[in-house]
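Whatever order the structure lists them in is the order used to number ligands and atoms, beginning at 1. If you read the sequence from its start, that first residue is 1, and numbering goes on from there. Side-chain atoms are counted along with the backbone in the values below, which use heavy atoms only and exclude waters and symmetry mates.
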Amino acid sequence: MKTLIKNGQINTKRNETTPAEIWIEEGKIKAIGTGFPEAEFDEVFDAQGQLITPGLVDVHVHLREPGFTYKETIEAGTKAAARGGFTTVCAMPNLDPVPDTAEKLKQVYDIIKRDAVVKVLQYAPITENLRSEELVDQKALINEGAFAFTNDGVGVQTAGTMYLAMKEAAKNNKALVAHTEDESLLFGGVMHAGEKAEELGLPGILSVTESSQIARDLLLAEATGVHYHVCHVSTKESVRVIRDAKKAGIHVTAEVSPHHLILIDEDIPEDFGFWKMNPPLRGIADREALIEGLLDGTIDCIATDHAPHGLEEKSQSFLQSPFGIVGSETAFQLVYTHFVETGKFTLEQVIDWMAVKPAAIFGLKAGTLMIGAPADLAVYDIAHATVIDKKDFLSKGENTPFVGWEIKGETLMTFVNGKLVWHKGE
Ligand SMILES: [Zn+2]
């Protein structure tokens, strides 16, 4: 099978692009150039003069299946990812059942094989049933395809458990990926502890709830030599301790979500669940520190934390609503519009943080347009603005405060192994 994507542009450096056609053969990138003879190809797609990037890599999504298929399914969640330009996603294990044995992990991979339209790497938990007590059998889970280990959704509450899990992961050469939240510092909080929480009369989540557990884990990572990856960094103190740890030579990487880069607690207009996520939207100094952290390499990549929920359960007060917002279908578009269009980030940086780096830090063969690489790529319309409309969502969730926002960079086409998995308007 020979496929040609004609009439595209690829990023060369900073914000510069150059005309390019992509020649795909047997699922791999065979050549990038111009003037390829169209008649020789089995199929030809027109990129309409728009931007072609490596397929994006999202190391943090919730696909909710098995267990919570009223929120999302592997089919809907991966279609949403494709619509966002993502070709590889790493799925969190807070499922029902939690895939804490090889047998249960195989059940998840069976659904992935059947239903996923993009590449899905499934995380296994650090502990049985995400309970911070009994460690899982890492080796058995790795043999069944576990991508890495995380209890995302909750923090690991005891240092001893984390220490032993890290030692084992280091031995197995796998990353330990952490949602950090010390529950003894939670005090029933539902949004960032700041003036806005006071104004809305809601209990606050302190910054130290996150940052103190990161500080603990960084020292444990140093002692064990594990690759420690911090999920959705949200506070300025977290950025500071990760920066210091990197300087000290500790093997730590970190991600930040588009919503924490764009929104702050002051933007929350009312006590409504669509604005509730964990970690919460923080203050303006935190957002500045996150941006600075990305720019100086303290934070390695952007990940969505795509967290779909049912409409009813999210349409409640902060006190009742579950945490999380959807992000797969808007991530690149929001980051492009708010940071590239405004000159704060270059296109090259954004491609680096959303494709190149997330693949590189986990050693994935993804996130690149190199000759011979899998033909995972996406085409975006960066010329025209559109409005985020929940009617267009392929995710089962519509819980995001970004509905109605004007964006550029709508995804026109997405290819996985050279196969078209998203085509706007088709
Ligand atoms: Zn999390």
Side-chain angles (χ1 to χ4, degrees), residues 58-64 67-68 71-72 77 81 89-96 98-100 121-127 129-132 147-157 161-162 165 175-183 185-186 189-192 205-214 216-217 228-235 237-239 242 252-261 263 273-282 286 290 299-309 314 318 321-328 331 358 361-362 395 397 399-400:
D58 191 349
V59 299
H60 193 144
V61 300
H62 296 270
L63 299 180
R64 308 295 195 205
F68 306 96
K71 295 175 192 269
E72 189 72 297
V89 297
C90 304
M92 289 301 173
N94 54 343
L95 304 168
D96 187 14
V98 175
D100 53 12
L121 299 163
Q122 179 62 48
Y123 283 101
I126 298 169
T127 56
N129 225 3
L130 309 172
R131 271 199 310 257
S132 300
F147 163 62
F149 295 92
T150 183
N151 277 7
D152 184 59
V154 289
V156 174
Q157 299 306 311
T161 303
M162 194 55 153
L176 219 297
V177 175
H179 165 117
T180 55
E181 182 175 3
D182 186 325
E183 286 165 15
L185 286 166
L186 201 49
V190 294
M191 66 175 283
H192 177 58
I205 302 175
L206 300 168
S207 293
V208 285
T209 309
E210 168 182 308
S211 59
S212 68
Q213 199 166 83
I214 296 177
R216 175 201 78 179
D217 285 354
Y228 173 64
H229 177 81
V230 192
C231 293
H232 42 55
V233 174
S234 75
T235 79
E237 294 82 6
S238 304
V239 175
I242 294 166
V252 55
T253 56
E255 71 190 37
V256 63
S257 77
H259 48 274
H260 288 112
L261 291 169
L263 299 172
F274 273 37
W275 293 85
K276 184 183 180 188
M277 66 282 283
N278 190 8
L281 298 174
R282 300 288 188 181
D286 296 299
L290 295 172
I299 296 172
D300 299 84
C301 65
I302 296 173
T304 64
D305 194 6
H306 176 73
H309 288 289
K314 278 304 265 181
F318 269 74
S321 163
F323 288 104
I325 68 170
V326 291
S328 293
I361 60 180
F362 289 103
S395 169
N399 46 298
T400 166

So does Ser207 get a backbone contact from the side chain of Ser211, meaning a donor-acceptor N/O pair under 3.5 Å? yes

Give the ring-plane orientation class for Phe147 versus Tyr123, where under 30° counts as parallel, over 60° as perpendicular and anything between as tilted. perpendicular

Distance from Lys71 atom NZ to Ser395 atom OG, nearest 0.5 Å? 11.5 Å

From the N, O or S atoms in Asp152, identify the one nearest to the Zn ion (ligand 1). OD1

Closest approach to the Zn ion (ligand 1) by His179, given as the N, O or S atom name: ND1

May I ask you to check whether His60 brings an N, O or S atom to under 2.8 Å from the Zn ion (ligand 1)? no

Asp152 versus His62, side-chain donor and acceptor atoms under 3.5 Å: yes

Short check: any N/O/S atom of Asp305 below 2.8 Å from the Zn ion (ligand 1)? no

Before you tell me yes or no, could you show the steps for Asn151 and Ser132 under side-chain hydrogen bond (donor to acceptor under 3.5 Å, both in side chains), namely the whole-Å CA-CA distance, both residues' side-chain angles and the distance that decides it to 0.1 Å? CA-CA 9 Å; Asn151 277 7; Ser132 300; 4.9 Å; no

Answer yes or no as to whether an N/O/S atom of Cys231 is found below 2.8 Å from the Zn ion (ligand 1). no

